[in-house]
There are 4 protein chains.
Amino acid sequence: MSSSTQARPVEEGWDGGESLKRRQILAGASSVFMSKGFNGASMGEIARVAEVSKGTLYVYFQNKEQLFEACIDEKRRSFLARVLDFHDEAPVEDELRRFGMALARFVAEPEVIMAIRTVTGIAEQMPELGARFYDNGPGHSARVFAAYLDRKVAAGELAIQNTALAALQFADMCQSNLSRPLLFGVNLSAHERELRAEASVTQAVQTFLATYRHRGADAC
Amino acid sequence: MSSSTQARPVEEGWDGGESLKRRQILAGASSVFMSKGFNGASMGEIARVAEVSKGTLYVYFQNKEQLFEACIDEKRRSFLARVLDFHDEAPVEDELRRFGMALARFVAEPEVIMAIRTVTGIAEQMPELGARFYDNGPGHSARVFAAYLDRKVAAGELAIQNTALAALQFADMCQSNLSRPLLFGVNLSAHERELRAEASVTQAVQTFLATYRHRGADAC
Amino acid sequence: MSSSTQARPVEEGWDGGESLKRRQILAGASSVFMSKGFNGASMGEIARVAEVSKGTLYVYFQNKEQLFEACIDEKRRSFLARVLDFHDEAPVEDELRRFGMALARFVAEPEVIMAIRTVTGIAEQMPELGARFYDNGPGHSARVFAAYLDRKVAAGELAIQNTALAALQFADMCQSNLSRPLLFGVNLSAHERELRAEASVTQAVQTFLATYRHRGADAC
Amino acid sequence: MSSSTQARPVEEGWDGGESLKRRQILAGASSVFMSKGFNGASMGEIARVAEVSKGTLYVYFQNKEQLFEACIDEKRRSFLARVLDFHDEAPVEDELRRFGMALARFVAEPEVIMAIRTVTGIAEQMPELGARFYDNGPGHSARVFAAYLDRKVAAGELAIQNTALAALQFADMCQSNLSRPLLFGVNLSAHERELRAEASVTQAVQTFLATYRHRGADAC
DNA sequence: TATGAATGAGACTTCATTCAT
DNA sequence: AATGAATGAAGTCTCATTCAT
């Protein structure tokens, strides 16, 4: 309870995990949480995997939940930068396809599947964590993509009223035939995953452009 | 081997939960599993909620996993019959909208959200259960919807090459803006949920028809 | 508690197990107790093996301990009549050998080993039962054998001061190299068991006669 | 795999019970196992008697069986060193009597009786443990004694063909009138035990020498 | 007489957490 | 800062026993 007898990292806002030990712990904990889920993971196993003592875990994190939050935050951060750089100069169709394929492949990664399972799995117990994850993960992606669409609308290449919705639906068309079954544990081979990605994205692009391409009809 | 020693339900194939106690247990267990997840739920709490003794739980179900499976099966069954009766004589647009709205509202139900969380949450531990759930739930829905589309294609009202994919993508467009955030714990008011359903389905129908309505292309 | 509402067999002294059900139960219970020990046996398994309901067990026996006692009594009785008919007219050496071999083979029977294990295993909890079993089993055998020796002493064929002790020690020499290891779980093939019986008994007879045969020494 | 997470004793090969807690646990566990048998003993009672928490039990021993094994091993070790130092220079008769009395008194000790009961009681469940106990306990004693006899045979003091068998039978003659009834729970006063030991050993020595003393026969 | 549904105490074991060093 | 020994509450599951029918 007193702040003078405890180790520093817990008390201060040392978010920028400088310490080597902290890194070790986060790496080990992530690996265990991702493979066993929150409840299935035990602090003992995390300590073993991270190669620190159980006591040390509690020097850096107040309890299991906070350790979990820190892991998820880290995952989220690492997810962000990928996928999301749009090239405005490229043809829309190419860019849609590139984004769609990147997204489809991304959500099919075992690590991503596990992260989603883990977070949704305790969303009831820790809803703010889940909401934050959604907002900064899928939500953020959708907003960045929507902004790209906005620019294309402004450029007269697309005709979309609700770009936020269009972005979301395009993303869903690209990924759902992969993400959903994988989340439920359906076993898909790498080949099968690639096939599904290809088919979903191709059709999604076609559908998207059939709907939103400016003068999509007057091209005839 | 003999049927005379233990309680009947475990020994015989009493799947149709006739017994009152069995119903009680399933009701209590569903409630606890849905709110705490598989690992978070304890047999003790289930017994307390179901108002039976812990021992009785094991008279009716061999272990926690089998009790969980029974709960999920029940949920799944109740999910099936809804949503899925297509009226071939109605206009396609109306029918798409009806199906889309039913689906969107359905996946937004707290009970459904919780069931999905629970099942995906232990898909790593029990992948066959998850896969079965997917196949008989979302998978089944998609197949029934695809069959409807097939009939419409045959009737010359729609022009779709891959109806299975089209079905899936339509369904995803209808539900994802609801299902996904809700799964992650984002809090949406009833009003907000209805608004999103309306917007998603409306746009999904429009997109779908823009892409697949016969004469969509041959008007050129 | 009241005697009018309970079933008869428990209340009265119906020891002569007339009832078919009682026999069934004893047979099943013996088999389970012998293979699992007192604590390892469960009333549920006994009921299953005996093909009666668990409730019926408690109609015939007040509780697990009494059922066990009844089983042991039965075993004991069946053990008695074997082995123990001595033929006074036969040569002593032949008769010692016959008795010794019968005893050695008897104690090597799996059923006997198990009975001994079971009874000694709970002798701490139920010492009277164990003592009774000893007295009516090994004790009784030793007394009958000692009586035979008494007759031979009276007939002038043997010279023994303490026939009770001589009887006991002869019996021990015959059986210990079999009984003891088997009790501890040492695995002996049928062939090995027979070899040991043969060697032990042969040597025991020789030792016994070298010590106790009248004129054993004055033959010189 | 790493040694830093769990308590040391379980991970490392700390067989030599250095730790105080380990000693405490073994003492408590021995006492409970010896008085209740393996199945009758509960980890809760062991923890209470040992004055440690239940959790601590599992820090030092992986499970109940391993704790039991450790107790038995300890007992066995303590058994070995006693009784078994033979003085080749002493007269055979004196040495036989000394060994016989030591053995008889040893097997009459309550602790020894209980250890034997406990081990034979679960020999069905854990036969290797029982066999090991037999081999290192009674078996070892018999072998050491037989080696002594071998030396006496070599010295021309005894004439024995099968010293292993002779050793076993001598030991049995000394102890069986004590060990067997005590195992079954027959209650013998200290005085009675001493009387039996005296009588059994005296007679055993006499019998042994009558049979095996060199010149026993050639005196004729 | 015979049953089988129901119970609740208690079994073994795990694990998040604390604390002295 | 780091450890590891120690804890006790809580987990799943078993089982002897009771009771209404």
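Residue numbering restarts at 1 for every chain, and letters A, B, ... go by the order of the sequence lines.
- In terms of modelled atom types and a separation under 3.5 Å, the side chain of D/T120 and the main chain of D/I116 share a donor-acceptor contact.
- Between C/E69 and C/K64 there is no salt bridge, since no side-chain N of the basic residue sits under 4.0 Å from a carboxylate O of the acidic one.
- In terms of heavy-atom proximity, D/V49 sits nearest to D/G28 at CG1-CA, 3.8 Å.
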Contact state string [nucleotides 11-21 of chain E, B base, S sugar-phosphate only, - no protein heavy atom under 4.0 Å]
SSBBSBBB---

How does DNA chain F read in dot-bracket, base by base from 5' to 3', with Watson-Crick or G-U pairs under 3.5 Å and | used when the partner is on another strand?
.||||||||||||||||||||

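- Taking atom CD1 on B/I46 and atom C1' on F/dC13, their separation rounds to 13 Å, with Å as the unit.
- Shown here are the side-chain hydrogen bond (donor to acceptor under 3.5 Å, both in side chains) partners of A/K36, two or more places apart in sequence or in another chain: A/E45.
- Following rounding to the nearest Å, A/F61 (CZ) and F/dA1 (P) show an atom-to-atom distance of 13 Å.
- To the nearest angstrom, P of E/dG4 lies 17 Å from NZ of B/K21.
- Within a 6.0 Å radius of CD in D/E51, no more than 12 heavy atoms belonging to other residues, nucleotides or ligands are found.
- Here the OG1 atom belonging to D/T56 is positioned 9.5 Å from the CD atom belonging to D/Q24, to the nearest 0.5 angstrom.
- Put simply, the residue from B/F133, B/F33, B/F61 that forms a ring-ring contact (aromatic ring centres under 6.0 Å, His included) with B/F68 is B/F33.
- In this entry the distance linking CZ of B/R48 with P of E/dT7 reads 15 Å, nearest Å.
- The distance between atom CD of D/E51 and atom C1' of F/dA5, rounded to the nearest whole Å, is 17 Å.
- To the nearest 0.5 Å, the span separating CG on A/L67 from CD on A/E65 amounts to 11.0 Å.
- Between the CG atom of B/L57 and the C1' atom of E/dA9 there is a distance of 16 Å, given to the nearest Å.
- As a whole-Å value, the separation of D/R22 CZ from F/dA6 C1' is 16 Å.
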